[in-house]
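We number each residue from 1, following the sequence as shown. A quick note: this is a predicted structure, and the numbers were derived from the prediction, not measured.
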Amino acid sequence: EIESVAPATPVHAISAASGHGLEPLRRYVQPGRTIALLGSSGVGKSTLLNALLGTAAQRTETVRAGDDHGRHTTTRQELFLLPAGGMVIDTPGMRELQLWSNDNNGLSASFSEIEELSRSCRFRDCRHESEPSCAVRAALDEGTLAAERLAGFGKLQRELRHAAIRNDRSAQAAEKAKWKKIHKILKKQNKNRARW
């Protein structure tokens with residue numbers, strides 16, 4: 001299921017409790033690199049961290065009897081240095097992550113099939129919404145592209161635009177001027193309606 005939504009993403013089946021499958025993860029946490037553990041409360045982020053550290057640095061609990069759900073135990077984000085180098089951030093309670101920069105290379109690499117389809121769209125600036133001759137929408141209609149992939153692509157595109165504006169003063173000023181103009185037009189229209 002994960003591979004169908006994120007085809008370029010490596011997927012590893014692991015068990016932190018038994019140690020099964022941990023070896024491939026160690027290549028991600030090499031000296032000079034920092035990774036973050038992400039997931040809902042109780043999924044085993046701290047248990048995985050302890051397995052990578054080789055010690056019980058974070059307090060953990062067993063899964064609940066009856067429904068086999070994990071228990072929310074860890075309460076603070078913390079950075080850990082692993083014995084072989086590399087660092088891991090445990091992220092309990094983290095509700096949101098944002099893209100750091102407005103670099104489109106990561107987006108293109110992560111959604112290469114959408115980038116490839118986009119080259120066949122009628123318009124170079126196609127948003128893949130309702131434009132005619134959109135190759136991405138056609139692939140979606142044919143079932144060769146998953147709707148979740150297109151939704152994820154769109155969401156990350158919006159985040160990258162927001163990051164670009166956030167990091168660029170002139171883009172911030174242009175965005176502010178655009179919305180000021182829109183509000184001025186709306187205010188004028190409302191005033192004219194009141195006169196009629």
Heavy-atom pair of closest approach, residues [X] and [Y]:
X: A84; Y: P31; result: O-CG, 3.4 Å
X: L140; Y: A146; result: CD1-C, 3.8 Å
X: A16; Y: A51; result: O-CB, 3.9 Å
X: A135; Y: C121; result: N-SG, 3.4 Å

Does the side chain of [Y] come within less than 4.5 Å of [X]'s, by heavy atoms?
X: F123; Y: P132; answer: yes
X: I185; Y: K188; answer: no
X: R161; Y: R158; answer: yes

Any chance you could measure [X], atom [atom1], to [Y], atom [atom2], to the nearest 0.5 Å?
X: T47; Y: L52; atom1: OG1; atom2: CG; result: 11.0 Å
X: I14; Y: L25; atom1: CD1; atom2: CG; result: 5.0 Å
X: T34; Y: L81; atom1: OG1; atom2: CG; result: 9.5 Å
X: I89; Y: I35; atom1: CD1; atom2: CD1; result: 9.0 Å
X: R27; Y: R33; atom1: CZ; atom2: CZ; result: 10.0 Å
X: L150; Y: L145; atom1: CG; atom2: CG; result: 6.0 Å

Legend entry - W179 and its side chain to side chain contact (heavy atoms under 4.5 Å, CB included) partner, picked from K181, K176, H183: H183
Inset, instruction - Output yes when a side-chain donor or acceptor of T144 lies under 3.5 Å from a complementary backbone atom of A139, and no otherwise. - result: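 Side chain of T144 to backbone of A139, a donor-acceptor pair under 3.5 Å: yes, one is there.
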Legend entry - Set of residues satisfying salt bridge (charged side-chain N to carboxylate O under 4.0 Å, His left out) with respect to E116, sequence neighbours excluded: R119
Inset, instruction - If the plane angle is over 60° it's perpendicular, under 30° parallel, otherwise tilted; pick one for F153 and H128. - result: tilted
Legend entry - Partner residues of H12 under the ring-ring contact (aromatic ring centres under 6.0 Å, His included) criterion, sequence neighbours left out: Y28
Inset, instruction - List for me each residue that meets side chain to side chain donor-acceptor pair (under 3.5 Å) alongside R26, sequence neighbours excluded, and say none if there are none. - result: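 So R26 forms a side chain to side chain donor-acceptor pair (under 3.5 Å) with E23.
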